[in-house]
Amino acid sequence: MRTHYCGQLRAEHVGETVTLFGWVNSYRDQGGVIFIDLRDRSGICQIVSDLSRTPQSFPIAESLKNEYVIKVVGKVSQRPADSFNPRLPTGEVEIYADELELLSALAPDEKSKDGNDVLLPFQVSSADPVKEEARLKYRYLDLRRERMSQNIKLRHQVVKSIRRFLEDQEGFIEVETPMLTRSTPEGARDFLVPSRVNPGEFFALPQSPQLFKQLLMVSGFDRYYQVARCFRDEDLRADRQPEFTQLDMEMSFMSQEEILELNEGLVCHILKQVKGIEVPRPFPRLTYAEAMDRYGSDKPDTRYGLELVDVSDLMKDSGFKVFSGAVASGGIVKVLPIPGGNDAFSNVRIKPGGDLFNEAASMGAKGLAYIRVRDDGDIDTIGAIKDNLSEEQKQELLKRTGATAGHLLLFGAGDAPTVNKTLDRLRQVIARELNLIDPDKINLLWIVEFPMFEWNADENRLEALHHPFTKPFDEDAHDLKTARAQAYDLVFNGFEVGGGSLRIYQSDLQQKVFETIGLSTEEAHNKFGFLLEAFKYGTPPHGGIAYGLDRLVMLLAGEESIRDVIAFPKTQQARCLLTNAPSGVDTKQLKELHIGVTQKPKA
RNA sequence: GGGAAUGUAGCUCAGUUGGUCUAGAGCGCCUGUCUGUCGAACAGGAGGUCGCGAGUUCGAAUCUCGUCAUUCUCGCCA
């Protein structure tokens, strides 16, 4: 029976006989004495087998290799003073192996000639980078490595601290909701699951437990939470997987203010418990309008400045047609002022074909105008701008953008969404290049007062920005088209880690919202009939929030992809390299499900 | 669906304008030496379908086209 984890042993254990189990992390044969670094999930400790002191374990010690699984029984000893290892928490002690038992060796390499070679796809005990393909194929080995092991343990700590806070401190009740549910309209594509029992019909995997958690409020649970798996069949990104985890919450009888306050408490609790970090409260807030104005984004990274400046009014009468034309056709002109940008960014990079130009173009910008402020305070730019800028306009521009010698001003001109997207992107690219981002900083802020709706040009209609159950501010309810929603997003260093809203609980208001997005009563009943029905029987005012747990843990772990905080993630092609899912299935299975497939699966 | 990067030994990479490349290095692996190492050291050794398939060429890791995989990204997605 194991008596300790490897990483627990300290000087206080000297003299005790311990039994350890673990993997050989590294192995150093000195001839007459062999050192083994034994690893388990808690850490590493040094095992010694000595020809003179522990002759009975020596032959086995000699036969060990990295990643063998062994059992060790031995006495904890103080290390000789000159061989302490300060890099290991257990570095003051070592265990003399009275007994060594090999529990599991490595299989020999098939290509080995004498059958002696063993082969690991990559080194477990080293932090050297390994290509992601190999890491995913041999994920169980990748998870043995320090980095991933830490990340998964951190994830556990985060979830644990969430449960403690919500359950013990705030009285939340965890309720599970179905994984087999019905296809939801709006939003992302569903993963469908055929029903054998109901030929021709399909379940959908939940994109989120949204409707169920509202029903739980109708049921009177008052405070619900769930660590919920969600599924969306959309293309992947570094921060998007087809299955991901939300911390899902819903509360009754609380105002937006109260909900935000409780959630600040939650997030602070997590940071304190997991990282030992105190974050000042209340978190800063930005309205959606202000965030778009100052940063061009509803999830701005506020760890650095580089704020945008709207100069539409200044440029509307400009002789430079790109600017005046943009304003005349209802668009805007905004500036990204970059201190020191004059030296840092060459014209080649800004002009067509340059990387900054390409960044802008990828977001839909047609061009990238610029002004350089020289050391003597005069400006450099293309003739078309310079010739059409009066001295007053020039001075006003410099004043408003705060531009001084050495500044580079990058301009976005056109429709507001494109300008904002473009300058938001450039802002991020440039901040990274100029090292303006302090990686140790944690900036949390709420974005509030989202608009209820957003124009969908493709479908030529208004669309709910959050979802159609979001409650407008009471004072805005008379004109829903322009109303602000009681919705909020939590932004963490430029990532949206959470978002939620108060929900509509009056059917007449809900009806009006459906009308506004062009949803007929009949359609609404087809899609959400069960929810609307539920609301007939006494519905508490309620609201909630959902956190992207993977993103939150990613940020806390300092990783750049949620794949690095998910034990078994998918590749960007939505495949699992470990199990080789998805795969074709037997025609027998398909027949039972009443499914015909028109496409042959990949071999 | 579009754009981009990458793919050479188990891993990480180098490989110039196509020509001693009969493809190298570090780590790992194998054999050996060594009684205080801890990124062990030292000596020796094995290990390659240059992702795959066509093409150009006297000659291709290198050029062209296609294809597959991994990643980033636009669209998409809250």
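Remember, it's a predicted structure, so these values are computed and weren't measured experimentally. Because only heavy atoms are used, hydrogens play no part in the values below, and waters and symmetry mates are left out as well, while side chains stay in.
- Taking the nucleotide of RNA chain B with the nearest heavy atom to each of A/Glu234 and A/Ala238, the more 5' of the two is matched to A/Ala238.
- Of the side-chain N and O atoms in A/Thr571, one or more sit less than 4.0 angstrom from OP1 or OP2 of B/rU70.
- The separation between A/Phe84 atom CZ and B/rU37 atom P is 14 Å, rounded to whole Å.
- We find that CG of A/Asp190 is positioned 13 Å from C1' of B/rC77, with the value rounded to whole Å.
- Of the nucleotides present, B/rG32 is the one that pairs with B/rC42 by Watson-Crick or G-U wobble criteria, both distances under 3.5 Å.
- For B/rU73, neither phosphate oxygen OP1 nor OP2 lies less than 4.0 angstrom from any side-chain nitrogen or oxygen of A/Arg425.
- If you measure from atom CZ of A/Phe191 to atom C1' of B/rC77, you get 12 Å, rounded to the nearest angstrom.
- B/rC63: Watson-Crick or G-U partner is B/rG55, with both key distances under 3.5 Å.
- Spacing of C1' atoms, B/rA5 relative to B/rG48, comes out at 25 Å, to the nearest Å.
- Per the geometry, NZ belonging to A/Lys570 stands 13 Å off P belonging to B/rU70, to the nearest Å.
- A donor atom on one side chain and an acceptor atom on the other are not found under 3.5 Å apart for A/Asp564 and A/Ser561.
- Put simply, A/Arg563 has a side-chain N or O that comes within less than 4.0 Å of OP1 or OP2 on B/rC72.
- Ion pairing between A/Arg427 and A/Asp301 fails under the 4.0 Å rule for side-chain N and carboxylate O.
- Between the side chain of A/Glu133 and the base of B/rG7, no donor-acceptor pair of N or O atoms lies under 3.5 Å.
- Counting to the nearest Å, the C1' atom of B/rG2 and the CG atom of A/Asn358 are 15 Å from each other.
- Applying the 3.5 Å distance criterion, the base of B/rU73 shares no donor-acceptor pair with the side chain of A/Glu359.
- For B/rG7, the OP1/OP2 oxygens have no side-chain nitrogen or oxygen of A/Lys131 closer than 4.0 Å.
- A 3.5 Å limit on both hydrogen-bonding distances identifies no Watson-Crick or G-U partner for B/rU20.
- Residue A/His466 places its side chain closer to B/rA78 than to any other of B/rA40, B/rU70, B/rA78.
- Base pairing analysis places B/rA9 opposite nothing; no Watson-Crick or G-U wobble pair with both distances below 3.5 Å involves it.
- Residues A/Ser49 and A/Ser57 bring a donor and an acceptor atom of their side chains to less than 3.5 Å of each other.
- A cation-pi geometry, defined here as NZ or CZ lying under 6.0 Å from the six-membered ring centre and within 45° of its normal, holds between A/Arg484 and A/Phe473.
- When both distances must be under 3.5 Å, the Watson-Crick or G-U wobble mate of B/rC72 is B/rG3.
- If you take OH of A/Tyr138 and P of B/rU70, they are 15 Å apart, rounded to a whole angstrom.
- Counting only heavy atoms from C-beta on, A/Ser52 has its side chain closest to B/rU35 among B/rC72, B/rG36, B/rU35.
- No side-chain donor from either of A/Gln486 and A/Thr470 sits under 3.5 Å from a side-chain acceptor of the other.
- When the P atom is used for both B/rG26 and B/rA9, the distance is 16 Å, rounded to whole Å.
- Across B/rC77, B/rG36, B/rU71, the shortest atom-to-atom separation from the side chain of A/Ala188 is found for B/rC77.
- Residue A/Gln207 has its side chain nearest to B/rA78 when only B/rA78, B/rG36, B/rU35 are considered.
- The heavy-atom pair separating A/Leu9 from A/Leu20 by the smallest distance is CD1-CD1, 4.0 Å.
- A donor-acceptor contact under 3.5 angstrom links the side chains of A/Asn443 and A/Thr302, judged on distance only.
- For A/Gln30 against B/rA40, a side-chain N or O and a base N or O form a donor-acceptor pair under 3.5 Å.
- You won't find any donor-acceptor pair under 3.5 Å spanning the side chain of A/Arg135 and the base of B/rC11, going by distance alone.
- The residues A/Lys299 and A/Glu496 are annotated as not salt-bridged, no charged nitrogen and carboxylate oxygen being separated by less than 4.0 angstrom.
- Residue side chain A/Gln46 reaches the base of B/rU37 through a donor-acceptor N/O pair under 3.5 Å, judged by distance alone.
- When rounded to the nearest whole Å, the span between CG of A/Leu236 and P of B/rG75 equals 16 Å.
- You won't find any donor-acceptor pair under 3.5 Å spanning the side chain of A/Asp50 and the base of B/rG36, going by distance alone.
- Residue-to-nucleotide proximity on RNA chain B shows that, of A/Asp37 and A/Met363, the 5′-proximal contact is made by A/Asp37.
- Aromatic pair A/Phe469/A/Phe528: ring centres closer than 6.0 Å.
- Between B/rG36, B/rU70, B/rU71, one nucleotide has an atom nearer to the side chain of A/Gln573 than all others, and that is B/rU70.
- Between A/Arg237 and B/rC74, a side-chain N or O to OP1/OP2 separation shorter than 4.0 Å is present.
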Each nucleotide of nucleotides 24-29 of chain B classed B (base within 4.0 Å of a protein heavy atom), S (only sugar-phosphate) or -, in 5' to 3' order, makes ---BSS
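- For A/Arg240 against B/rC76, a side-chain-to-base donor-acceptor contact under 3.5 Å is present.
- Annotation for A/Lys570: atom NZ counts as buried by contact number, over 12 foreign heavy atoms lying within 6.0 Å.
- Stacking of the aromatic ring of A/Phe122 onto the base of B/rC11 is not found under the criterion of centres within 5.5 Å and planes under 30°.
- When rounded to the nearest whole Å, the span between CZ of A/Phe492 and C1' of B/rA78 equals 18 Å.
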